[in-house]
Amino acid sequence: MYQDDHGFTCELDYDPLDDAGVAKLDEEDQDIEFIGLVGSQKRLEAECGDEPGRSSEQRINDLLSSLPAQKKILLALIDFCRSARSPQEVDEFTQAMQKTNRSVYTPVMLRQLLEEAGALIYQQDEQANEETVAVEPLTQQDGSETEYLVVQTSAQGNWLSTPEALVLYDALDPLSNLKTILGQDNEYLEIYRRILEFCADEPRSKIELNVLVDDDPLLQQPRRYSGYFIDRLNEYDALAWMPLWKTTDIGLKVLVECALSEGEAEQ
Amino acid sequence: MSELECANVMSDSDVLTLLEGRIATYALLTRLYRKEVDEPLLSEMRAMRFPVNTGNADMDAGYRLFHTYLSNAWERTLTELAIDYTRVFLGNGVNAYSAAYPFESVHTSSKRLLMQDARDEILALYRANDIITRSSWKVGEDHISLELEFMQVIGERMLVARQKQREDEAARLLAVQYGFLNDHLANWTPMLFAEMHKFAKTDFYRALAFLSAGFIATDFDILSEWIEASDDEHHDGRSVPDPPFSGE
């Protein structure tokens, strides 16, 4: 018999199917399947970052793919925290990046996501690692000799990228990825080149890029617009919004390689 | 000497200081119950000094917990506090026992329902004292935050009356505050504070429960002493030790 806080009682071993003669199932039985889980098992497993089956690398990759709009900032944070950085330094760095990539994610939220995925760790003094530090009261006395507790500033920790995150970051090859994607879009190479060259001189607006390529015969059938190319170049780090579209270093490298290969072909 | 012991042997300026202190504490509690802690409030609280010995064990425990928690604040403190505020006061369950619901009606009605008799009485009291809620306030007027703010507002009026030597008005406002504490705040909040201890996961909201319980109990004792002193003087014409106000 069980009695809850409010006085309700119930038979813990009550089985409504007893009278119908239906035997109870043995929960230890291997063939038993459980139902009634609230939410998807897969999602719940994905949310439990520490289960042994998933490595840090998998969790970091999952994070990056689940937040494509934040991917660049997250990767930049991993690179930035190669050496220990104070929360203020990471805040400033993140806010500088978010100037051209506005987001509802605050710097603290992004750090939390990276920490949960195993990409960043917060290092504190050993003494400060306890969840709550027992603070020795610092008392002050005013003129009437009343004693007061004064809030102290706790020792600040630093953010540091984990080795797993750095391995993952260093293995990235954005130039090669870009070349691969350009190779797949072979028939539009001229459009890609024109956009990268146009934005290499100075930052350009979307309208300018529309004017540049939208009327090109190549894009009439099937119909494509400048947005298609901007998205792909941006996704593969060849174009960046700052706050107009500007060719990145990776985009410039591709242009140089294109020019070289064209030169070789002509010779 | 505790605040209560001090109250009977006070000079005029001490009384005014005590009134200002009461108003400030009611204002702080009002804010803490109204919504989650934000950056300015956290900074303000980290700059506060907390008295070591107030004469009330609950208040001392509350201040000590606040001190420890705030001394350990870090970049996720605001998030932790926002989560705990939601857990403590809003809850995520479907029954009436899933959080420390901060409404008097919940704690004074048999089925723990909102908007019951207590709310109607509170609303009438506000109106009788020319106080109405802002149009942005969308929940019951018997929320602890509003009840604390009511005490703050009446306390401010009492301070002004006292400063302007309007003793009758000060005495009337003293009676209003005493009545409100006796009939409402001091009556139902002990149940709320007990539930806050049950649901809170951070020391911050445990500290708030301790501080609120201690402060309301202390304030009730102070007002009781003052009311008693007022009554004695009124009825016997006897001189009593420094009553702050005396109604004529």
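Atom set for the values below is all heavy atoms of this structure, side chains included, hydrogens, waters and symmetry mates excluded. The sequence lines fix the lettering, A, B, ..., with proteins before strands; numbering per chain opens at 1.
Residue Gln88(A): no heavy atom, backbone or side chain, is found under 4.5 Å from chain B. Using a 4.5 Å cut-off between heavy atoms, Ala73(B) contacts chain A through its backbone alone, with no side-chain atom that close.
Contact annotation: the side chain of Val108(A) approaches that of Arg76(B) to within less than 4.5 Å [non-hydrogen atoms, C-beta and beyond]. Within the 4.5 Å cutoff, side-chain heavy atoms of Glu75(B) are placed close to those of Trp159(A). Residues Phe50(B) and Val151(A) have side chains in contact (heavy-atom distance under 4.5 Å, counting atoms from C-beta outward).
To the nearest 0.5 Å, atoms CD (Gln152(A)) and CZ (Arg46(B)) are separated by 10.0 Å.
By the neighbour-count criterion of 12 heavy atoms within 6.0 Å, atom NZ of Lys72(A) is densely surrounded, having more than that number from other residues, nucleotides or ligands. Shown here is Asn92(B), whose CG atom has no more than 12 heavy atoms of other residues, nucleotides or ligands within 6.0 Å. Heavy-atom contacts from other residues, nucleotides or ligands closer than 6.0 Å to NZ of Lys206(A) number more than 12. The environment of Tyr105(A) atom OH is sparse: at most 12 non-hydrogen atoms of other residues, nucleotides or ligands sit within 6.0 angstrom. Annotation: Asp249(A), atom CG; neighbour count of heavy atoms from other residues, nucleotides and ligands within 6.0 Å does not exceed 12. Heavy-atom contacts from other residues, nucleotides or ligands closer than 6.0 Å to CG of Asp120(B) number more than 12.
Closest approach of Leu149(A) to Tyr63(B), counting heavy atoms only: CD1-O, 4.0 Å.
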